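Small disclaimer: the values here were computed from a predicted structure and weren't measured.
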Amino acid sequence: MRRAQILERIQRDGGVSVADLARDLTVSSITVHRDLEQLSKDGLVERVHGGARSMPAAGPPTAIPPTGWEQRAAAGRGAKATIAAHAAREVRSGSTIFLDSSSSSLALARQLVSEPATELTLVTNSPAIAYELVDERILVIVTPGELDQHMRLLAGRWTTDFLAGLNFELAFCSSAGLTLDAGLTTSRRALADVINVASANAARTIGLIDSSKFGRASLLTIARAQELDAIVTDDGLDEQTAQDYRAAGVQLEIVKT
């Protein structure tokens with residue numbers, strides 16, 4: 001089970017360090033080394049200094065492989081833009097809001113810039129999102145923290161300590177997957193910690209979850225779906241699943257694309 005989780009993460013993110021796996025799985029570095037060695041012997045991953053990466057494609061490389069952030073930003077752009085347009089209606093001029101480091105929050109940031117008159121204080125742990133916010137009406141505050149180059153996010157103790165001292169009208173977040181049993185999930189403990197601290201200090205927390213993520217569970221639970229004030233998704237979600245979530249007490253908002 002643990003090796004399957006490690007393999008899933010490497011295939012999704014392109015690579016991972018021993019230190020990150022040991023921390024997120026709550027096991028020793030020696031155990032992680034053994035798992036990676038076995039996965040390497042099975043031909044499923046390639047060992048590199050300090051960790052492992054997915055197996056390179058056969059033949060000469062034609063381009064630099066995309067980072068995890070680039071892969072996420074490119075996936076489901078239409079659905080994320082639709083979700084962002086709906087979520088932007090919740091943001092009032094003069095508000096202080098938090099955007100997590102997800103590609104769904106990136107879509108929301110782009111939507112907020114296009115709004116005709118929105119003066120905001122916007123806090124994010126995503127340097128990539130901050131870079132997009134070229135708008136004098138929006139005061140952008142980027143958290144301190146340790147930079148994850150692959151996922152383009154800031155996290156760690158500095159990040160959570162900083163966020164713990166702030167208050168937000170709204171916190172927007174996403175996840176790698178969502179199920180009724182596991183809730184919103186991620187493979188990264190540091191990311192879960194950031195979202196939970198921001199949510200605890202927000203009057204309302206809204207999940208931006210495109211329909212492709214429903215029914216998928218990752219390694220760690222961020223929050224139960226019912227704990228969010230609303231979850232916004234696109235109409236790719238089937239009616240039965242929508243009924244199941246609403247019957248379980250989830251405030252689900254489905255936006256037509």
Side-chain angles (χ1 to χ4, degrees), residues 1-13 16-17 19-27 31-32 35 68-69 72 75-76 80 83 87 98-105 124-126 143 145-146 148 150-151 153-157 159-161 163-164 168 170-233 237 241-242 244-253:
M1 180 63 178
R2 186 179 61 247
R3 288 175 185 169
Q5 292 172 337
I6 292 173
L7 179 60
E8 176 196 6
R9 177 163 173 179
I10 292 173
Q11 290 175 336
R12 185 185 65 248
D13 296 348
V16 70
S17 71
D20 283 348
L21 286 174
R23 181 188 65 241
D24 294 343
L25 296 172
T26 320
V27 296
T31 298
V32 173
D35 288 339
W69 167 256
R72 288 160 54 209
K80 291 172 184 176
I83 291 169
F98 172 79
L99 296 187
D100 75 352
S101 56
S102 65
S103 55
S104 296
S105 287
T124 183
N125 66 320
S126 168
T143 68
E146 300 173 21
D148 184 323
H150 190 66
M151 302 302 287
L153 63 87
L154 294 161
R157 183 66 180 270
T159 309
T160 54
D161 284 354
L163 291 172
F168 307 106
L170 289 166
F172 293 95
C173 65
S174 190
S175 65
L178 172 64
T179 68
L180 282 176
D181 290 334
L184 282 74
T185 57
T186 179
S187 63
R188 294 174 180 261
R189 168 62 64 188
L191 181 55
D193 292 343
V194 167
I195 293 175
N196 281 324
V197 171
S199 178
N201 288 0
R204 298 184 68 224
T205 300
I206 298 177
L208 311 176
I209 315 289
D210 67 80
S211 59
S212 70
K213 295 179 179 178
F214 280 71
R216 291 163 47 184
S218 195
L219 184 64
L220 302 166
T221 294
I222 301 171
R224 295 174 64 244
Q226 294 88 341
E227 293 173 355
L228 273 64
D229 295 283
I231 292 178
V232 185
T233 190
L237 188 68
T241 300
D244 291 344
Y245 274 76
R246 285 172 172 152
V250 179
Q251 300 299 312
L252 194 63
E253 299 178 12

message = Taking side-chain contact (heavy atoms from CB on, under 4.5 Å) as the definition, give me every residue that meets it alongside A203, ordered by chain and number, with sequence neighbours left out.
response = none
query = Quick one: salt bridge (charged side-chain N to carboxylate O under 4.0 Å, His left out) partners of D193, sequence neighbours excluded?
reply = none
ask   = Donor-acceptor pair, D229 side chain versus I206 backbone, under 3.5 Å?
value = no
ask   = Does E146 have any side-chain contact (heavy atoms from CB on, under 4.5 Å) partners at least two apart in sequence or in another chain, and if so, which?
value = none
ask   = By salt bridge (charged side-chain N to carboxylate O under 4.0 Å, His left out), which residues pair with R246, not counting sequence neighbours?
value = none
key: Side-chain donor or acceptor of N125 paired with backbone N/O of S101 under 3.5 Å   = yes
ask   = Within the distance-only criterion (no hydrogens, no angle test), does the side chain of S218 pair as donor or acceptor with the backbone N or O of T185 below 3.5 angstrom?
value = no
key: Flag, side chain of S174 to backbone of L208, donor-acceptor distance under 3.5 Å   = yes
inquiry  = Listing request: all salt bridge (Lys or Arg N to Asp or Glu O under 4.0 Å) pairs with a residue in residues 194-209, at least two apart in sequence or in separate chains.
reply    = E90-R204
inquiry  = Check the orientation of F168 and F98. Use parallel for under 30°, tilted for 30 to 60°, and perpendicular for over 60°.
reply    = tilted
Sequence neighbours excluded, every pair satisfying salt bridge (Lys or Arg N to Asp or Glu O under 4.0 Å) that has a member inside residues 175-189 = D13-R188, D148-R188
query = A190: what forms a side-chain contact (heavy atoms from CB on, under 4.5 Å) with it, not counting sequence neighbours?
reply = A155
note = For D244, the side-chain hydrogen bond (donor to acceptor under 3.5 Å, both in side chains) test, sequence neighbours excluded, returns Q240
query = Backbone N or O of L163 within a donor-acceptor pair of the N201 side chain at under 3.5 Å?
reply = yes
message = So, using side-chain contact (heavy atoms from CB on, under 4.5 Å) as the criterion, who are the partners of E227 when residues are at least two apart?
response = A223, R224
note = With sequence neighbours left out, the residues meeting side-chain hydrogen bond (donor to acceptor under 3.5 Å, both in side chains) with R3 are D35
query = If only atom types and distance count, is the side chain of R9 paired as donor or acceptor with the main-chain N or O of V16 below 3.5 Å?
reply = no
request  = Please list, chain by chain and in numerical order, all residues satisfying salt bridge (charged side-chain N to carboxylate O under 4.0 Å, His left out) with D161, sequence neighbours excluded.
outcome  = R157
request  = For R216, check salt bridge (charged side-chain N to carboxylate O under 4.0 Å, His left out) against everything at least two apart and list the hits.
outcome  = none
inquiry  = So does L228 get a backbone contact from the side chain of Q251, meaning a donor-acceptor N/O pair under 3.5 Å?
reply    = no
